[in-house]
Participant: 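Just dropping this structure here.
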Amino acid sequence: MMFAAGFGTRMGTLTANQPKPLIEVAGKPLIDHALALCNRDYVDQIVINLHYRGAQIRQHLSEQDVLFSEEQPDVLETGGGLRQALPLLGNRPVFTLNTDAVWTGKNPLHTLSDHWDPDKMDALLLLIPQQNAQGHTGLGDFALSETGQLTREPGHVYTGTQIIKTDMLADFSQSSFSLNLCWDRMQNTGRLYGVLHDGGWCDVGQPESINLAENMLTNDPISHVG
C-alpha cells in the first residue's frame with residue numbers, strides 16, 4: 001500500500017498544480033523512487049491511494065501494474081485509507097510505504113521482510129536514528145528496546161514504511177483515522193516492533209528538502225537501493 005492521497009501543503013507552490021508524489025527529485029518523481037523499492041519477489045500487488053489531483057498520478061502510472069484506491073469526497077488518513085484498500089490488497093499483512101521520501105542502502109522492504117515475525121508482531125516499523133533523518137525535525141517517535149519492541153517516546157524516527165496486520169482496522173467506527181490508533185493498541189499488548197534502516201533516508205516534506213535528498217543520493221557512497 002503506497003500512500004499518495006495527501007495535499008502536500010508544506011510544499012507551497014510546488015503542489016499548487018500537481019500532487020506531491022509527482023514532484024521530481026534527482027530527475028524523477030517521488031512516486032517513481034518509491035515504486036523502485038517494490039521488488040516483485042517481495043510484493044505481489046501494489047495499491048496506491050489517491051485524492052488530491054489523483055488523475056495526474058493515474059496518468060503518470062498508466063502503464064504500470066498497479067491498482068488505485070480513490071478516496072472521495074474526503075481523504076481518509078492512513079488507517080481509513082488502508083482499510084478502504086483492503087478489497088484490493090487482501091487480508092494478509094501488508095507493507096505500507098509513504099511516497100515522499102528517498103532512500104539509500106538496503107531496500108527497506110527487504111529489511112522489514114527479513115525481520116518480520118508474525119507470531120509475535122502485529123506491526124514492524126522501519127526506523128532511522130534521529131541524527132540520520134534528513135529533512136526531518138523533532139526528537140523522534142519511538143524508543144527501541146533490546147527485544148525490538150517499541151514505546152512512544154523521543155528516540156528514533158519512523159520512516160513511513162512498515163509491515164502491518166490489518167485485522168484491527170475493522171475495530172474503528174470512524175471513516176477517517178490514523179494508523180497511530182492501531183500502533184497505540186499494539187504497544188499496549190507488546191506487539192509493536194521496530195527495526196533500524198542502515199542506509200540513508202530523507203523526508204521530502206518541504207521545498208528545501210529536495211536539495212537535501214539530491215545531495216544524499218549523489219554523495220552517499222552506498223547510494224543504491226538493492
Side-chain angles (χ1 to χ4, degrees), residues 1-6 19-51 54-71 78-79 81-119 121-128 158-167 169 179 182 193-204 213 216-217 220 222-226:
M1 175 72 180
M2 297 174 62
F3 292 117
K20 182 164 66 169
L22 294 186
I23 290 174
E24 289 197 358
V25 170
K28 66 180 181 180
L30 281 166
I31 200 164
D32 289 358
H33 287 278
L35 276 171
L37 304 176
C38 298
N39 185 320
R40 289 297 186 160
D41 292 336
Y42 288 77
V43 177
D44 56 11
Q45 182 62 67
I46 300 171
V47 178
I48 302 171
N49 71 339
L50 302 176
H51 180 73
Q56 293 183 30
I57 297 175
R58 281 183 183 271
Q59 177 61 33
H60 177 71
L61 300 177
S62 61
E63 297 184 4
Q64 298 286 336
D65 182 17
V66 300
L67 300 176
F68 298 102
S69 177
E70 188 79 36
E71 298 182 9
T78 51
L82 178 57
R83 183 172 62 190
Q84 177 173 284
L86 290 183
L88 302 174
L89 290 163
N91 57 8
R92 295 169 295 170
V94 299
F95 292 106
T96 75
L97 177 64
N98 290 352
T99 57
D100 58 356
V102 296
W103 305 75
T104 62
K106 183 176 179 179
N107 188 311
L109 304 188
H110 296 187
T111 297
L112 287 169
S113 182
D114 290 346
H115 289 83
W116 174 244
D117 183 350
D119 291 336
M121 301 173 181
D122 286 336
L124 176 64
L125 281 57
L126 193 62
L127 310 173
I128 194 163
Y158 173 55
T159 62
T161 306
Q162 66 175 328
I163 298 176
I164 187 169
K165 294 179 181 178
T166 59
D167 315 57
L169 297 171
L179 285 174
C182 298
Y193 280 74
V195 62
L196 291 177
H197 176 58
D198 62 0
W201 175 83
C202 184
D203 175 17
V204 188
M216 183 188 77
L217 292 171
D220 192 323
I222 53 169
S223 59
H224 63 277
V225 178

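Residue indices begin at 1 and follow the sequence shown. If you're wondering where the values come from, they're calculated on a predicted model, not measured in any experiment.
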Participant: With no hydrogens and no angle check, is any side-chain donor or acceptor of H197 less than 3.5 Å from a backbone partner on T104?
Facilitator: yes

Participant: Is there side-chain contact between V25 and L217, with at least one heavy-atom pair below 4.5 Å?
Facilitator: yes

Participant: Test side-chain contact (heavy atoms from CB on, under 4.5 Å) on L82 and I164 and set out the steps.
Facilitator: CA-CA 10 Å; L82 178 57; I164 187 169; 4.1 Å; yes

Participant: Show the nearest heavy-atom pair for residues L169 and G79, with the distance to one decimal.
Facilitator: CD2-O, 3.9 Å

Participant: Please confirm whether the backbone N or O of E71 pairs with a side-chain atom of H51, one donor and one acceptor, at under 3.5 Å?
Facilitator: yes

Participant: Measure the CD1-OG1 distance between I48 and T99 for me, rounded to the nearest 0.5 Å.
Facilitator: 8.0 Å

Participant: Apply the test side-chain contact (heavy atoms from CB on, under 4.5 Å) to residues D65 and R40: give CA-CA distance (whole Å), side-chain angles for both, the deciding distance (0.1 Å), then the verdict.
Facilitator: CA-CA 11 Å; D65 182 17; R40 289 297 186 160; 3.6 Å; yes

Participant: Taking all non-hydrogen atoms of both residues, which atom of M216 and which atom of G200 are closest, and how far apart?
Facilitator: SD-C, 3.8 Å

Participant: What is the minimum heavy-atom distance between P21 and P29, and which atoms define it?
Facilitator: O-CB, 3.6 Å

Participant: What's the separation between atom CG in L50 and atom CD in E70, rounded to the nearest 0.5 Å?
Facilitator: 5.0 Å

Participant: When rounded to the nearest 0.5 angstrom, what is the spacing between CD1 in I163 and CG in L109?
Facilitator: 8.0 Å

Participant: Quick one: do Q45 and L88 satisfy side-chain contact (heavy atoms from CB on, under 4.5 Å)? Show the steps, please.
Facilitator: CA-CA 8 Å; Q45 182 62 67; L88 302 174; 5.8 Å; no

Participant: Can you tell me how far the CH2 atom of W201 sits from the CD1 atom of I128, to the nearest 0.5 Å?
Facilitator: 7.0 Å

Participant: Using modelled atom types and a 3.5 Å cut-off, is there a donor and acceptor pairing between side-chain atoms of S113 and backbone atoms of H110?
Facilitator: no

Participant: Would you compute the distance between atom CZ of F95 and atom CG of L37 and round it to the nearest 0.5 angstrom?
Facilitator: 10.5 Å

Participant: Mark yes when over 12 heavy atoms from residues, nucleotides or ligands other than N91 sit less than 6.0 Å from its CG; otherwise mark no.
Facilitator: no

Participant: Under 3.5 Å, side chain of D100 to main-chain N/O of V204, donor-acceptor pair present?
Facilitator: no

Participant: Report yes if the side chains of D114 and W116 come closer than 4.5 Å at any heavy-atom pair, otherwise no.
Facilitator: no

Participant: In Å and rounded to the nearest 0.5 Å, what is the SG to CZ distance from C182 to R83?
Facilitator: 9.0 Å

Participant: Let me see the working for R92 and D167 under salt bridge (charged side-chain N to carboxylate O under 4.0 Å, His left out), right down to the final yes or no.
Facilitator: CA-CA 9 Å; R92 295 169 295 170; D167 315 57; over 6 Å; no

Participant: Could you tell me if the side chain of M1 sits less than 4.5 Å from the side chain of L89, heavy atoms only?
Facilitator: yes

Participant: Do you know the tightest heavy-atom contact between F3 and N98?
Facilitator: CD1-OD1, 3.6 Å

Participant: If you compare all heavy atoms of D41 against all heavy atoms of N39, which two are closest, and at what distance to 0.1 Å?
Facilitator: N-OD1, 2.7 Å

Participant: Check step by step if side-chain contact (heavy atoms from CB on, under 4.5 Å) holds for T161 and W103.
Facilitator: CA-CA 11 Å; T161 306; W103 305 75; 3.2 Å; yes

Participant: Taking C-beta and beyond as the side chain, do L30 and K20 meet within less than 4.5 Å on heavy atoms?
Facilitator: yes

Participant: Is a donor on one side and an acceptor on the other found under 3.5 Å between the side chain of N49 and the backbone of G81?
Facilitator: no

Participant: Just wondering, do D32 and L61 contact through their side chains at under 4.5 Å, heavy atoms?
Facilitator: yes

Participant: Check whether any side-chain heavy atom of Q162 lies under 4.5 Å from a side-chain heavy atom of L97, and answer yes or no.
Facilitator: no

Participant: So do V94 and T166 actually touch side chain to side chain, heavy atoms under 4.5 Å?
Facilitator: yes

Participant: Can you tell if the side chain of I31 reaches within under 4.5 Å of the side chain of I57, non-hydrogen atoms only?
Facilitator: yes

Participant: Locate the shortest heavy-atom distance separating G194 from L127; write the atom from each residue and the value.
Facilitator: CA-CD1, 4.4 Å

